Amino acid sequence: MGRVGAAEFERMTMAERHELLRYGLTRRGFLRTAAVGAATLAAGPTLLTRTAAAAAPVTGRWLAMGADPLRQMRVSWQVAAAVARPRVRLGTDTGYGTVVEAELTPLRARLPDGSVHDQFYVRADLEGLRPGTTYHYRVEHDGLEGADATFATAPAGGSAAPFTFTAFGDQGVSEAATAVTAAVVRERPAFHLLAGDISYAETDGKGLLAQAYKPGRWDRYFQQIDAAASTVPWMVASGNHEMEPVYDGHGYGGLRRRFALPGNGPPQCPAVYTFRYSNVGVVSLDANDVTYELATNRGYSEGAQTEWLRRALAGLRADPEVDFIVVFFHQCAYASCVGHGSDAGVRAAWTALFDEYTVDLVVNGHNHSYERTDPLRAGAPVTSAASGSTVWPAVHGTTYVVAGGGGIALDGFRPGGTATLWSEPGRPTKEQVTWSRARYPGFSYLSVRVRPGDGRSTMTVRARRPDGSALDTVTLARANTRRARASAAGSASAAGAAGAGVSGTALAVAGTAAAVTVAAGTGAYLAHRRRPDTEPS
């Protein structure tokens, strides 16, 4: 193998770095030829041992919804070695009436020092579930069994029941991360969104392996989240610390094997997907593809992700069951934190689509802090939204939130009105900030309460400290398009039956189209503002 210099190594694609490691560079050879310094390339925290697996109860479980949250759930767990007969027992309060066979997935990391670390994960795909139903389940293998746990499928369309979901980014393995995870458990959310940078096993954040890669952090991470993720679907996006060149697939081979995600995005983008829960459509994106800050995976989807995003947003906004659209990904479109700031690559690729399809809420991480913008359109504030405000996104624009206080070391804010902007690939500059509304340099998470309504639905976004105390609140409001359409169609049909001279069907179609126009724009906003509005508690 020829000599590889530091500059050449940095220019390599993620796939080329993976192959370089795969075919057996020694630790000495890698450090010499790649010139990455004298970093310690230890495996980090000890991996689970076979003895521990044989003696201890099953731990490290995590759930994920499938593409159809009404009827699909994925159950995963970690084991220390290849096990026999992995399965999930599934049932209701009356007992475990169903057995679902599971699949064992080995994952090998070959480190630059020549050492190999094997990890093993198990996954069962639960299909044909009943909507709006609570299930009990228990994972088993080799005669060992985990504790009883429960999950609930999404409610059927038209449900008016309120629900909560939670979100944060940049979690890691730490006491602070444990405290924030415990706070999520107390919220009893329907699902949780994690906006990238999950375990920090890849410590460098550039996909270069210039620092130690620590696969054992994934073992500790799954044990850390077990109490939450065994009952709450843990829906993740890929951050820059998920680019792990010891694995294939643009460094996402580990992510793909560890997390069973919906899989309805572009095939080369494992953490790009969409799902609908009640009246909320959710989209997960991979900003490593468009960021100007890091070149590692920039452009890897060759535009497929952005084209898919346009179709996904159009489909959600046309869905009469969807009131709110939430998009989450890692790098920030708008942030004034000193950690990373804002990324013009993200803005150039996606914010015009968020404007076009009136996305309600965008959740990011990357900066280790909390920040919320005023609602924005074309990059400028449309209205001022102090804490406690109610915002109508169809009129006012998209609210962007940085929720990177999930547990890793914190970043602060620069005083004054300027912030970092990655304005071109690899080039940071400064910009004047006019959109920052609330900022907090501490550990925190989002608790989002959704209330489907009769005529108006609300989504109240609260930033909370780990003790549950509130930092900031904004309520997003939407005309309930499904109910408005049904009401308009019913009124039109009644008018037709009364002898309007046009068939009831034709009137219903015309009425529905009119309702869509009103509900999507200023008319719906003005109609609701004529009535007193009260913010829910």
Side-chain angles (χ1 to χ4, degrees), residues 14 44-45 60-65 74 76-78 105 107 109 119 121 123 166-181 184 191-207 211-230 232-247 249-262 269-273 284-288 294 296-297 328-332 339-340 363-368 402-409 443 445-446:
M14 184 64 74
R61 300 160 295 173
W62 61 101
L63 301 172
M65 293 181 287
R74 312 303 187 217
S76 301
W77 67 100
Q78 61 177 352
T105 299
L107 181 62
Q119 292 173 304
Y121 301 101
R123 163 183 168 177
T166 52
F168 58 63
D170 304 83
Q171 187 175 17
V173 179
S174 67
E175 290 185 9
T178 300
V180 176
T181 302
V184 166
F191 57 88
H192 177 72
L193 306 180
L194 205 170
D197 282 7
I198 303 170
S199 77
Y200 286 81
E202 198 286 312
T203 60
D204 180 64
K206 298 179 181 178
Q211 303 279 336
Y213 180 69
K214 301 178 179 179
R217 281 192 180 172
W218 281 111
D219 296 319
R220 293 173 58 198
Y221 176 79
F222 287 124
Q223 293 170 36
Q224 173 183 273
I225 68 170
D226 177 88
S230 61
V232 177
W234 213 251
M235 310 302 291
V236 303
S238 50
N240 54 299
H241 284 271
E242 276 66 68
M243 299 186 296
E244 301 174 314
V246 295
Y247 304 117
H250 304 291
Y252 295 142
L255 182 76
R256 188 187 296 273
R257 293 171 177 85
R258 290 183 176 104
F259 291 93
L261 298 170
C269 307
V272 176
Y273 55 88
S284 170
L285 298 176
D286 179 7
N288 293 321
L294 294 173
T296 310
N297 270 353
F328 74 111
F329 53 91
H330 189 60
Q331 285 90 338
C332 300
H340 297 279
V363 177
N364 299 137
H366 204 39
N367 293 281
H368 304 164
V402 179
I408 205 67
F443 298 114
Y445 66 99
L446 297 185

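Because only heavy atoms are used, hydrogens play no part in the values below, and waters and symmetry mates are left out as well, while side chains stay in. Here the structure is a predicted model, which is why all the values come from computation and not from measurement. We count residues from 1, following the sequence as given.
- In this structure, N240 contributes its side chain and G205 its backbone to a donor-acceptor pair below 3.5 Å.
- Counting only heavy atoms from C-beta outward, the side chains of F168 and L446 never approach each other to under 4.5 Å.
- Applying the ring-ring contact (aromatic ring centres under 6.0 Å, His included) rule to F191 yields the partners F165, F275, Y277; only residues at least two apart in sequence or on another chain are considered.
- Residues N288 and H250 fail the side-chain proximity criterion, which asks for heavy atoms closer than 4.5 Å.
- Summarising the geometry, atom OG1 belonging to T178 is positioned 11.0 Å from atom CD belonging to Q223; distances are rounded to the nearest 0.5 Å.
- Partners of H366 by ring-ring contact (aromatic ring centres under 6.0 Å, His included), not counting sequence neighbours, listed by chain and number: H330, H340.
- Closest heavy-atom contact between Y200 and H368: OH-NE2, 3.4 Å.
- Here the side chain of R61 pairs no donor or acceptor atom with the backbone of S230 at under 3.5 angstrom.
- To the nearest 0.5 Å, atom CH2 of residue W234 and atom CG of residue L261 are 13.5 Å apart.
- Scanning both residues, L194 and F328, for their nearest heavy atoms gives O-CE1, 3.6 Å.
- In this structure, CG in D286 is found 8.5 Å from CE in M243, a value given to the nearest 0.5 Å.
- Counting all heavy atoms, side chain and backbone alike, V236 lies closest to Y273 at O-OH, 2.9 Å.
- F329 has its side chain out of reach of V272: every pair of non-hydrogen atoms, C-beta onward, lies at least 4.5 Å apart.
- Side-chain atoms of Q224 and S199, non-hydrogen and from C-beta on, never get closer than 4.5 Å to each other.
- Between F259 and Y252, the distance separating the two ring centers is not shorter than 6.0 angstrom.
- Counted by atom type alone, R258 and Q119 present one or more donor-acceptor pairs between their side chains at under 3.5 Å.
- Closest of all the heavy-atom pairs between L107 and G254 is CD2-CA, 3.9 Å.
- Contact between T296 and G207 at its shortest, heavy atoms only, is CG2-CA, 4.4 Å.
- Within the model, atoms OH of Y221 and CG of D226 stand 11.5 Å from one another, a figure rounded to the nearest 0.5 Å.
- Checking side-chain atoms of H241 against main-chain N and O of E202 turns up a donor-acceptor pair under 3.5 Å.
- Within the 4.5 Å cutoff, side-chain heavy atoms of Q171 are placed close to those of T181.
- Side chain of T166 to backbone of H192: no donor-acceptor contact under 3.5 angstrom is found.
- Using a 4.5 Å cut-off on side-chain heavy atoms (C-beta onward), R74 and R123 make contact.
- Summarising the geometry, atom CH2 belonging to W77 is positioned 14.0 Å from atom OH belonging to Y121; distances are rounded to the nearest 0.5 Å.
- Without hydrogens or angle criteria, E242 side chain to G196 main chain gives no donor-acceptor distance under 3.5 Å.
- Closest of all the heavy-atom pairs between G365 and C332 is O-SG, 2.9 Å.
- Looking only at side-chain heavy atoms (C-beta outward), Y247 and R256 stay at 4.5 Å or farther from each other.
- To the nearest 0.5 Å, atom CG of residue L255 and atom OG of residue S238 are 6.0 Å apart.
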